Amino acid sequence: MPLAASFTRLLVTARENGEHCDYELRCNGVAVKVHKIIVGMQSPVLNSAFTGPFKENYDGFYNIKDFSVDIVEGAVEYFYTGDYTTRVAEQGGDSSTLGKTDSLLFHARMVCFADKYLVDGLRASSKTKFEQFANSTADIFCVLDAVPPLYALPGESIEELGKLLGADVRNRMAVVAHSPEIQTSIQEIACCCPQFLANMLEKVWKEDFSSRRRYR
């Protein structure tokens, strides 16, 4: 087994067993034990909390209030392995439209975590997973239902993720017939997320104008 893979496995095992852990990330009453050096090297925000003259350094834990436990655990998994698994899927809930939407939003929330704690690698990875999941599902309502909760999330990358969903919906418009259910979803999006529809209209306008010029 290559050294990198074996060393990663040893680190994961040590963390799971609580060996040599010197810090905790706490969330909703759950304490996730970590090694400062592993997390601090990848998040300058958390590294400042570990090493600076702050309460979090002296207390030996950092309390994460604006993310759920599954997101924190996913981020820690990424810190140690360079990847993460979707907790919704592990619970067996991604076979329905609701489960698929939850899985898509899990990746979006991972992007938000990476935005806040400046974890560049996690940001890139979760954005890619978000786009790939949206493009791979055949369920249009998985994508449409994700738009309102997506725009309710914090983070500088939400607008970009919204544009990715908009491009996905735009591509499906040519192959998915309009229906009363789709109309209901559109009306909800129009009420909650007008920016999403504005971005889509801009995209359609530019594409159609470019197409007309090409075939003149």
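What you see is a predicted model; the values in this text were computed from it and never measured.
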Are side-chain heavy atoms of [X] and [Y] found at a separation under 4.5 Å?
| X | Y | result |
| --- | --- | --- |
| F106 | Y84 | yes |
| K129 | T86 | no |
| E159 | N199 | yes |
| V147 | V169 | no |

Ring geometry between Y117 and F67 (parallel below 30°, tilted from 30 to 60°, perpendicular above 60°):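 Rings of F67 and Y117: tilted, 30 to 60°.
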
Sequence neighbours excluded, every pair satisfying side-chain hydrogen bond (donor to acceptor under 3.5 Å, both in side chains) that has a member inside residues 182-193: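 As it turns out, the side-chain hydrogen bond (donor to acceptor under 3.5 Å, both in side chains) pairs with a partner in residues 182-193, which skip direct neighbours, are H178-Q183.
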
Summary of side-chain hydrogen bond (donor to acceptor under 3.5 Å, both in side chains) pairs that have at least one residue in residues 36-55, sequence neighbours excluded: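 The answer is K55-D59.
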
So, for [X] and [Y], which heavy atoms are closest and what is the spacing to 0.1 Å?
| X | Y | answer |
| --- | --- | --- |
| P194 | C191 | CD-O, 4.3 Å |
| L105 | A146 | CD2-O, 3.7 Å |
| A49 | Y62 | CB-CD1, 3.6 Å |
| L153 | A108 | CD1-CB, 3.9 Å |
| C27 | S68 | SG-C, 3.6 Å |

Check against side chain to side chain contact (heavy atoms under 4.5 Å, CB included), R9 and T81: CA-CA 8 Å; R9 181 174 56 80; T81 69; over 6 Å; no

Non-neighbouring partners of Y23 that pass ring-ring contact (aromatic ring centres under 6.0 Å, His included), sequence neighbours left out: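 Applying ring-ring contact (aromatic ring centres under 6.0 Å, His included) to Y23 gives F50.
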
Set of residues satisfying ring-ring contact (aromatic ring centres under 6.0 Å, His included) with respect to F61, sequence neighbours excluded: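 None.
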
Crowding at CD1, I37 (>12 non-hydrogen neighbours, <6.0 Å):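 At most 12 heavy atoms, drawn from other residues, nucleotides or ligands, come within 6.0 Å of this atom.
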
Is there a path of hydrophobic side-chain contacts, each under 4.5 Å between heavy atoms, that joins [X] and [Y]?
| X | Y | result |
| --- | --- | --- |
| V12 | L10 | no |
| V175 | I186 | yes |
| F54 | I64 | no |
| F196 | L201 | no |

Pair listing, ring pair (Phe, Tyr, Trp, His ring centres under 6.0 Å) test, anchored in residues 29-48, at least two apart: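 Counting only pairs at least two positions apart or across chains, the ring pair (Phe, Tyr, Trp, His ring centres under 6.0 Å) contacts touching residues 29-48 are H35-Y80.
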
Look at the side chain of [X] and the backbone N and O of [Y], then say whether any donor-acceptor pair between them is shorter than 3.5 Å.
| X | Y | value |
| --- | --- | --- |
| R15 | K33 | yes |
| D168 | L164 | no |
| Y151 | C193 | no |
| T137 | A134 | no |
| E77 | T85 | yes |

Under-4.0 Å salt bridge between K100 and D145: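 Salt bridge between K100 and D145, a charged N being under 4.0 Å from a carboxylate O: no.
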
Evaluation steps, side chain to side chain contact (heavy atoms under 4.5 Å, CB included), between F130 and L150: CA-CA 11 Å; F130 179 89; L150 173 68; 4.3 Å; yes

Quick one: pull up [atom1] in [X] and [atom2] in [Y] and give me the separation to the nearest 0.5 Å.
| X | Y | atom1 | atom2 | result |
| --- | --- | --- | --- | --- |
| K116 | S157 | NZ | OG | 14.5 Å |
| R109 | D115 | CZ | CG | 14.5 Å |
| L118 | D120 | CG | CG | 7.0 Å |
| L144 | I189 | CG | CD1 | 5.0 Å |
| M110 | L122 | CE | CG | 4.5 Å |
| R123 | C112 | CZ | SG | 10.5 Å |

CA sep, side-chain torsions, deciding dist, call: L165, L104, side chain to side chain contact (heavy atoms under 4.5 Å, CB included): CA-CA 10 Å; L165 288 191; L104 182 61; 4.1 Å; yes

All salt bridge (Lys or Arg N to Asp or Glu O under 4.0 Å) counterparts of E160, not counting sequence neighbours: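 Result, salt bridge (Lys or Arg N to Asp or Glu O under 4.0 Å) vs E160: K127.
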
